[in-house]
Amino acid sequence: MAKAKIKNLVIVESPAKAKTIEKFLGKDFKVTSCNGHIRDLEKKNNGVDIENNFSPFYKISDEKKSVVKELKKLSKDSELVWLASDEDREGEAISWHLKEALELKNDKVKRIIFNEITKPAILHAIENPRSIDDNLVEAQQARRILDRLVGFELSPLLWRKVKPSLSAGRVQSVAVRLIVEREREIDAFKPEAQYRVVADFKIDNGNGSTTLTAELSTKFKTKKEALEFLEKCKDADFSVESLEKKPAKKSPAAPFTTSTLQQEASRKLRFSVIKTMMVAQKLYENGHITYMRTDSVNLSDLALQSSKDAIIKDYGEEYSHTRKYKTKSRSAQEAHEAIRPSYFDKETVDGTADERALYELIWKRAIASQMSDAKLERTTVKIALSNRDEKFVAKGEVILFDGFLKVYLESTDDENGENGADGIIPPLRNGQKLDYKSITATQRYTRPPARYTEASLVKKLEELGIGRPSTYAPTISTVQKRGYVSKEERPGKERKYDVLTLVGKKEINQEVKTEITGADKGKLYPLDIAMLVNDFLLEYFPDIFNYEFTAEIEKELDDIASGELQWQNMLNSFYHPFHDKVEHTVENSERVSGERILGFDKKTGKQVSVRMARFGPVAQLTDLNDEEAKPEYAGLRPTQKLEKITIEEALDLFKLPRTIGEFEGEEVVAAIGRFGPYVRHNNKFYSLGKEYDPYTVTVEEAIPVIEEKRKKDAEKTIKIFEENESYKILKGRWGPYLKAGRMNVRIPKDMDASKLTYEDCVKLAEETVEKGKAKKAASKK
DNA sequence: CAGTGAGCGAGCTTCCGCTTGACTT
């Protein structure tokens, strides 16, 4: 037998981690990685033999075949193999799969764990190996099988009852549910107006005057009440009734986990969760930060010490305060450290602007977490009126010692931000008489709950213990890809509000102002299909899409991990009732169409209804008296909802397309398409933009639009081929290109676009088609 | 890119959690 070439082979999950660890271990160790899970359940028959006590069928994932082949070779050449995957359920399972797939004998394998990548932690791990924890592996297996059974039994049910290609799962369906329910709360919300009264008092403290702004503690329901109050103010005496100073403190937030990093990067840097993860991955691979998929707020002793050194060096002893944080997340498995800089003395790193910005955020948050509290003094002043019981209140806050605020303050999701106590209160004494400069009563409306952003959805999922750091970003992509949710920008609506202003003792000035309300950017909106699927799933499977389901499952998985529960027993008691419900639903539920009959068109007597059709939500006109007549259809606009649309709105949809006149002997038709309102003339389309409304636009208005577009096109055109008019050479952003029918073809740099013949172009077009096919075939693999 | 919705019915879709590439533009 050939002698082993490698003494010790260590397998970790991530290649970047392998590189770091190899530096800590001597030359007797080779460190390599398996890149996550290497095997998964087969797709055939759901990968589980239910009859045979839930026996799983595993296969090596296609993209991992080469990894496994390489690891097998290395392990054959090694005396000892150290399985060093993460210290959690999934990590334990990865080690077990490695042992199985690499066919490692017990005496050749050691299992080690460490949850921080520091030299002492690694050396300690090597000195304290253990064997694979079968209970923990079984807990993972139960988790995996349960998710497979839920997903692969419910999705096909949706294909039959709602629409093909839909999906359902323990995690994604709850994400969709949250968004659907929030949207319905917003729909049901009725804003209420109140009059908020704010006064500016003149304070003269000898050396110049300042202004003190105070808000009335009472809000008025009606304009009449607000006016009455202002009227009284004219004759009132104002005086300081009480002056209260209280010391206060602020403490820093814990260092980042995946979820909090995604939230802050979204708020402070406007990154999507995917972008945050991509940039963080780069920082991790370049050795700048610790692992970015973690649910732990823990810092290693080494990190605590080096952050302390950095703080004392940069800010001084009084700014240092060593803190240990405890996770609040109930699903946390804490296999890693919190996300922190690898080296606290590096305030910045080289890289792209995004990388530098995210690094800076991570550095600040981690440093601040080890800094002193900020000490504040909060002042509350109450100002009384001589002729009314209401009080004006002013709040001020002064920072006595900035502490951690010197580097970092966490942002919030609060969009109102109205009653922030800030600024300095000028010196005042009890009983001091005050004069107002102005008093303003402004009509303010209560706001509906905010729609979720990607990041606030992640926050909510984490609170519910649903999903894991590695899946937050992919889950959000999935629900969008399946067409349940879309991230959108919506313009708001105008709304009038009253402003009543009293200046001095003059007449009260009444003004009506306009504000934009309900404008939203980057928020998650549910589509109609999400409403239908959500209601269907909740009707037939209320206990699975219950917000508590995952938490209950987690408890049972913990029991499996501790050896108190047998994994097949757990699956048995879940699966059989579940499967019966699936069968029952197949037989007893109607196909979901979301149909609503809205009423009858007064003019024609036809029935007006809406429903989900093959290409999306449609409105339908049906002549109930004539069975032969085909119904008319019109697609709903993206902003319209099946469950909310009114009969008037539905009837409006049939007013388009509208023939508005003739131009050059051809009809001009106005309509709304996928890209907004347009007019069609001679089979060509001209976008109307926001300027014209397709319901009212006249042919006189449309003709200049057509002519303008023609002029632009002519400027763009270099050449049209006589042989075939659909072949054109056009000027594009990156130089000339060929438009062959509907396809855009790139012209290679070494060709002179103006000299191309028709034959050259046909050839170029054919080549491009071939390339496209090859690419498609490759991506299918 | 810009308006579809008939009917037949083969063959396909889908889960959650671990990890990165190897492709273009």
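What you see is a predicted model, and the numbers here were worked out from it, not measured in a lab. Because only heavy atoms are used, hydrogens play no part in the values below, and waters and symmetry mates are left out as well, while side chains stay in. The sequence lines fix the lettering, A, B, ..., with proteins before strands; numbering per chain opens at 1.
Expressed to the nearest 0.5 Å, how far CG of A:Leu261 lies from CE of A:Met277 amounts to 7.0 Å. Remark: A:Leu621 CG to A:Lys606 NZ distance equals 6.0 Å, nearest 0.5 Å.
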*Using a 4.0 Å cut-off on protein heavy atoms (strictly under), produce a 5'-to-3' string for nucleotides 15-22 of chain B with B for base contact, S for backbone-only sugar-phosphate contact, and - for none.*
BBBBBS--
Only distances under 3.5 Å count here; give the side-chain donor-acceptor pairs of residues 166-175 of chain A to other protein atoms, sequence neighbours excluded, each with its distance to 0.1 Å.
from, atom 1, to, atom 2, distance (Å)
A:Ser167, OG, A:Gln172, OE1, 2.7
A:Ser167, OG, A:Gln172, NE2, 3.4
A:Ser167, OG, A:Arg482, NE, 3.0
A:Arg170, NE, A:Asp147, OD1, 2.6
A:Arg170, NH1, A:Thr550, OG1, 3.3
A:Arg170, NH2, A:Asp147, OD1, 3.3
A:Arg170, NH2, A:Asp147, OD2, 2.9
A:Ser173, OG, A:Gly169, N, 3.0
A:Ser173, OG, A:Gly169, O, 3.2

Hey, can you pull the donor-acceptor pairs under 3.5 Å for the side chains in residues 9-18 of chain A, sequence neighbours left out?
from, atom 1, to, atom 2, distance (Å)
A:Glu13, OE2, A:Asp86, N, 2.8
A:Ser14, OG, A:Ala16, N, 3.3
A:Ser14, OG, A:Lys17, N, 3.4
A:Ser14, OG, A:Tyr284, OH, 2.8
A:Lys17, NZ, A:Asp86, OD1, 2.8

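A:Phe545 is linked by a ring pair (Phe, Tyr, Trp, His ring centres under 6.0 Å) to nothing, counting only residues two or more places apart in sequence or in another chain.
B:dC18 and B:dA22 are spaced 24 Å apart, taking the P atom of each and rounding to whole Å. Taking atom P on both B:dC8 and B:dC12, the two are 22 Å apart, rounded to the nearest angstrom. Nucleotides B:dG7 and B:dG11 have their P atoms positioned 23 Å apart, rounded to a whole Å.
Both key distances under 3.5 Å define a Watson-Crick or G-U pair, and DNA chain B has no stretch of 3 or more such consecutive pairs.
Looking at every heavy atom in both residues, A:His681 comes nearest to A:Ile706 through CB-CD1, 3.9 Å.
Between the C1' atom of B:dC1 and the CD1 atom of A:Ile672 lies a distance of 16 Å, rounded to the nearest Å.
Other residues, nucleotides and ligands contribute only 12 or fewer heavy atoms inside 6.0 Å of the CZ atom of A:Arg160. The number of heavy-atom neighbours closer than 6.0 Å to NZ of A:Lys161, taken from other residues, nucleotides and ligands shown, is above 12.
Between the side chain of A:Glu22 and the main chain of A:Val31, a donor-acceptor pair closer than 3.5 Å is present.
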_Is there a salt bridge (Lys or Arg N to Asp or Glu O under 4.0 Å) between A:Asp40 and A:Arg144? Walk through the geometry before answering._
CA-CA 9 Å; A:Asp40 192 15; A:Arg144 179 67 193 91; 2.8 Å; yes
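Residue A:Leu166 is classed as a sugar-phosphate contact, given heavy-atom separations below 4.0 Å to backbone atoms only.
Using cut-offs of 30° and 60° for the angle between ring planes, the A:Phe549 and A:Phe574 rings count as tilted.
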Below 3.5 Å between N/O atoms, which protein atoms pair up with nucleotides 4-11 of chain B? Just atom names and distances, please.
from, atom 1, to, atom 2, distance (Å)
B:dG5, N2, A:Phe615, N, 3.0

